[in-house]
There are 2 protein chains.
Amino acid sequence: MPIYNGCGYSLTMQVIGGKWKICIIDALRNGPLRPSELFKAIPEATERVINHQIRELLMYKVIDRTIYAEQPPRSEYFITELGKTVFPLIDSLDDWGDKNREIYGDI
Amino acid sequence: MPIYNGCGYSLTMQVIGGKWKICIIDALRNGPLRPSELFKAIPEATERVINHQIRELLMYKVIDRTIYAEQPPRSEYFITELGKTVFPLIDSLDDWGDKNREIYGDI
DNA sequence: TCATATACTGATTAATTTATCAGTATCTCC
DNA sequence: GGAGATACTGATAAATTAATCAGTATATGA
């Protein structure tokens, strides 16, 4: 399986493996959000950084955006059908960490 | 869920998220291996780098080692019971990438 | 007209992660 | 004694990722 480069795992990691991507996906889980709302949802990261991660998630078709022809400009990001298929992955990873946290109490 | 820092996801990623960790875990999947065998199994990475990732996997108790009191020195790395619980995670991530690879044919 | 809000981006620096190179130490075999 | 195998580590360089700062542009309302 993993000759590493080109294996499924490394592709998946390329898609969801950025520092803030999971936060963005999670924030969009119960409905679309405008950029400003996303920034508020993730105050630990700067807007520039979140924008950068958004760009990648768009590129990988995990999220998409609706641009409204309004003024001031308005846009909304939302999870695509493809994006919804990563929910189980994220949940499994999150569960594993929660379940095993006490093992690492000393680290 | 993810306030990011301290969430289960980020802990899991700390544990299995290094560049070569999955290769090491995968190589040990059908039985213990000596360091030199691991190096052979992952020729893309240098020995020093693999050693470094091994150190972390040991620290996180994903793998363990048996040191034989022989000369020349012999040791073997193997997956712990905890380590075996990450197999399903790795498999899911690997499957997701394989299943969706064609979507990214243009990237 | 000036402050504010919207969405977004370029250039640069800082931090983290990987990689390279060279080194330690011990014992066997020729 | 010297070459080779074993396992492992320190110091540093390179590459990758993330963060900071400042900027674009458009339009509203005071």
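Sequence lines set the chain letters: A, B, ... in the order given, protein chains first and strands last, and positions in each chain run from 1. Keep in mind that what you see is a predicted model, and the values were worked out from it rather than measured.
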- Item | Closest nucleotide among D:dA19, C:dA19, D:dT9 to the B:R55 side chain | D:dT9

- Heavy atoms under 4.0 Å, any strand shown: does B:Y68 hit a base, just sugar-phosphate, or nothing? nothing

- Task: Could you check A:A45 against B:S36 and say which one's nearest nucleotide on DNA chain D is further toward the 5' end?
- Result: B:S36

- Query: For the pair made of CZ in B:R65 and P in D:dC8, what is the distance, rounded to whole Å?
  - Reply: 5 Å

- Message: Ring-plane angle category for A:W96 and A:Y104, please: parallel below 30°, perpendicular beyond 60°, tilted otherwise.
- Response: tilted

- Picking from D:dT9, D:dA7, D:dA18, the nucleotide nearest the side-chain atoms of A:V49 would be D:dA18

- Query: Does A:W20 have a side-chain nitrogen or oxygen under 4.0 Å from the phosphate oxygens OP1 or OP2 of D:dA19?
  - Reply: yes

- For the student: nearest non-hydrogen atoms of B:V15 and B:L57, plus distance: O-CD2, 4.0 Å

- Query: Can you tell me how far C1' of D:dT26 sits from CD1 of A:I67, to the nearest Å?
  - Reply: 15 Å

- Side-chain atoms of A:T46 come closest, of C:dA7, D:dA19, C:dA19, to D:dA19

- Task: Identify whether the distance between the nearest side-chain nitrogen and carboxylate oxygen of B:E37 and B:K40 falls below 4.0 Å.
- Result: no

- So does A:Q53 get a side-chain nitrogen or oxygen closer than 4.0 Å to the phosphate oxygens (OP1/OP2) of D:dA18? yes

- N/O (side chain, A:R48) to phosphate O (OP1/OP2, D:dG23) under 4.0 Å: no

- Query: So which heavy atom on B:I79 is nearest to which on B:K84, and how close?
  - Reply: CG2-N, 3.5 Å

- Would you say the side chain of A:D26 lies within less than 4.5 Å of the side chain of A:R29, judging by non-hydrogen atoms? yes

- Whole-Å distance between D:dA7 P and B:I50 CD1? 13 Å

- Query: Rounded to the Å, how far apart are B:E44 CD and D:dA15 P?
  - Reply: 19 Å

- Message: Counting only side-chain nitrogens and oxygens, does A:K19 get under 4.0 Å of the OP1 or OP2 atom of D:dA19?
- Response: yes

- Could you tell me the separation between the CG atom of A:N51 and the P atom of D:dT20, rounded to a whole number of Å? 14 Å

- A:E56 CD - C:dC8 P separation (whole Å): 16 Å

- For the pair made of CZ in A:R34 and C1' in C:dA7, what is the distance, rounded to whole Å? 9 Å

- B:E37 CD - D:dA5 P separation (whole Å): 15 Å

